[in-house]
Each structure stands twice: as C-alpha cells, then as structure tokens.
J.: 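Okay, handing you the structure first.
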Amino acid sequence: MRFSIFICTAVLLFSTNASFAGDTAANFVLGKNSKGKNVTLQSYKGRVVYLDFWASWCPPCLKSFPWMNEMQNRYGKKGLKVIAVNMDQDRQAAKDFLSKQPADFHILYDPKGKIAEQYNVQAMPSAYFIDKQGNISREKKGFKLKDTDELEHYIQSLLGQ
Amino acid sequence: MNSSQLITKTSFLLLSCCLFNGCATFKDISTVKNVKAWERNILAQDNMKLEGDAIDAYVDDHIYFSKEASSGGKSVGGGGCGCN
C-alpha cells in the first residue's frame with residue numbers, strides 16, 4: 001500500500017512538463033524576419049537570453065523594465081538578448097503600459113499563455129536565464145531592485161562562459 | 001444482494017457523486033482548473049482587494065509591517081512572490 005502511494009506520488013511529481021534549471025529551453029516562435037521566415041528562440045543559440053514574462057497589471061514588472069533596458073543596452077553587443085513575453089489578455093493594456101514605459105528589447109505577446117505553459121510560469125514576473133547552449137540555467141520568480149546587482153553578475157558570468 | 005438492489009445502490013452512488021460535484025458537468029469532474037499566474041489580471045485590480053476601507057487597510061498594513069516586517073501581498077498582482 002505504502003509502495004503504491006509512493007509510486008503514485010512519484011508519477012504525479014514527475015509527470016508535469018515543468019521547465020527546470022538544466023533543461024533545454026522550450027522553443028517558440030518570436031516573429032518573422034524581413035524575409036518572412038520564422039525567428040525562433042533556438043536561433044539565438046550562442047547568445048545569452050534573458051526571457052521575462054510580464055503583464056501590465058503586475059507592479060514589480062513595471063520596476064523591472066528600466067533594469068531590463070539597462071541590461072539590453074549594456075550587454076546587447078556582448079551577446080545578451082532580452083525577450084519579454086507579455087501575458088495580458090487585453091492587448092491595449094499592454095500598449096498603454098509600453099507607451100508609459102518604453103522597452104528597448106524584444107516584446108512578444110502570448111495572451112493565451114501557450115509559452116508560459118511551456119515554461120510552467122509560477123509567478124509574475126518570472127525570468128529565465130538561458131545560456132549559450134540553449135539550456136535554462138536559472139529561474140527567477142518576482143523582481144526586487146535589491147537583487148539587481150546579483151542578477152547582473154549572473155548575466156556577466158553567463159556571457160563569459 | 002440481488003441485482004436490482006445492486007443497480008439501485010450503484011445508481012444512487014453515481015447520482016451522489018454528480019450532486020457533490022455541484023454544477024460541474026461530467027467533463028469537468030476530472031479537470032480542476034487552477035488560476036495560472038498569468039491569468040490574474042482581473043483579480044489583480046484594485047477593486048478586487050479584500051479590504052473595505054483604505055484607512056482600515058493602512059492600519060492593518062502598519063501592524064503587519066511592525067510585527068512581522070512584511071508588507072504588500074494583499075492583492076495578487078505580484079503573484080505573492082513578496083516583491084513590493
């Protein structure tokens with residue numbers, strides 16, 4: 001009996017398609033390039049990707065934008081690519097947010113949560129550090145200004161690998 | 001137990017199961033749907049907060065902050081991750 005409970009628990013725990021640090025980052029389409037071909041996350045293999053999930057109604061997301069702009073401008077040429085996936089169901093709310101808080105990085109819209117589902121996003125905002133090999137190196141839930149120094153060091157270390 | 005009793009009992013059990021599930025249809029019985037972190041847009045609105053009065057909320061906040069050094073987290077906008 002105990003053994004069967006153990007088996008059931010183990011199956012439940014490991015049957016979720018969650019993204020964990022160390023896993024290959026789930027691929028998705030970012031948009032089309034000038035030739036009309038799909039640009040996917042995999043096309044950024046060889047670069048460090050900071051993948052962020054945000055929404056207009058999430059106050060910490062607003063705080064993270066100036067920092068993400070700073071990171072993209074400071075480390076973009078060194079190989080960092082910041083991608084922010086918007087989770088608003090109302091596109092206009094996202095546009096209003098962006099008119100007040102411009103973004104110098106790639107914005108993607110995922111109103112149905114398909115990409116967030118792949119990454120098993122647990123909190124808003126959530127960020128995933130994807131290394132040059134295309135693996136999730138770290139997951140970060142939430143955003144606090146006091147963590148930014150440490151996060152920047154982490155980005156530097158990924159870029160240096 | 002004869003077969004008619006068995007049928008009665010089985011149907012009673014099945015009916016109870018349906019009733020205990022409230023308004024859930026058969027399709028929904030096995031799929032409990034949780035609100036995902038990114039689906040909280042309406043829940044995150046100010047008027048969805050569980051507070052009746054701004055001054056009362058301010059006093060509550062002060063107590064939490066002074067006794068437990070915690071603040072915020074009363075709405076679901078930040079996903080409960082403690083990021084103020």
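Model, not experiment: these values are computed from the prediction. Residue numbers start from 1 in every chain, and the chains themselves are labelled A, B, ... in the order their sequence lines are given, proteins ahead of strands.
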J.: Working to the nearest 0.5 angstrom, can you tell me the gap between B:E39 CD and A:K112 NZ?
T.: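 Answer for the CD-NZ pair, B:E39 versus A:K112, is 12.5 Å.
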J.: Provide the closest heavy-atom pair for A:W57 versus B:A37 in the form atom of the first, atom of the second, distance.
T.: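 Looking at all heavy atoms of both residues, the closest pair is CH2-O, 3.3 Å.
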J.: Between OG of A:S56 and CG of B:N41, what distance do you get to the nearest 0.5 Å?
T.: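 Interatomic distance, A:S56 OG to B:N41 CG, rounded to 0.5 Å: 8.0 Å.
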J.: Against B:K36, only a single residue in A:Q122, A:M124, A:E117 fulfils side-chain contact (heavy atoms from CB on, under 4.5 Å); can you say which?
T.: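 Considering A:Q122, A:M124, A:E117, a side-chain contact (heavy atoms from CB on, under 4.5 Å) with B:K36 is found only for A:E117.
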J.: Above 12 or not: heavy atoms from other molecules or residues under 6.0 Å from CD1 of B:I42?
T.: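 No, because the 6.0 Å sphere around CD1 of B:I42 holds 12 heavy atoms or fewer from other groups.
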J.: Strictly less than 4.5 Å between heavy atoms, which residues of residues 28-49 of chain A line up against chain B? Please order them by number.
T.: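 Against chain B, none of the residues of residues 28-49 of chain A fall inside the cut-off of heavy atoms under 4.5 Å.
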J.: Can you name the closest pair of heavy atoms from B:W38 and A:V121 and give their distance?
T.: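 Heavy atoms only, the tightest pair is CZ3-O, 3.5 Å.
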J.: Could you tell me which portion of A:A116 (side chain, backbone, both or neither) has an atom closer than 4.5 angstrom to a non-hydrogen atom of chain B?
T.: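 The answer is both parts of A:A116.
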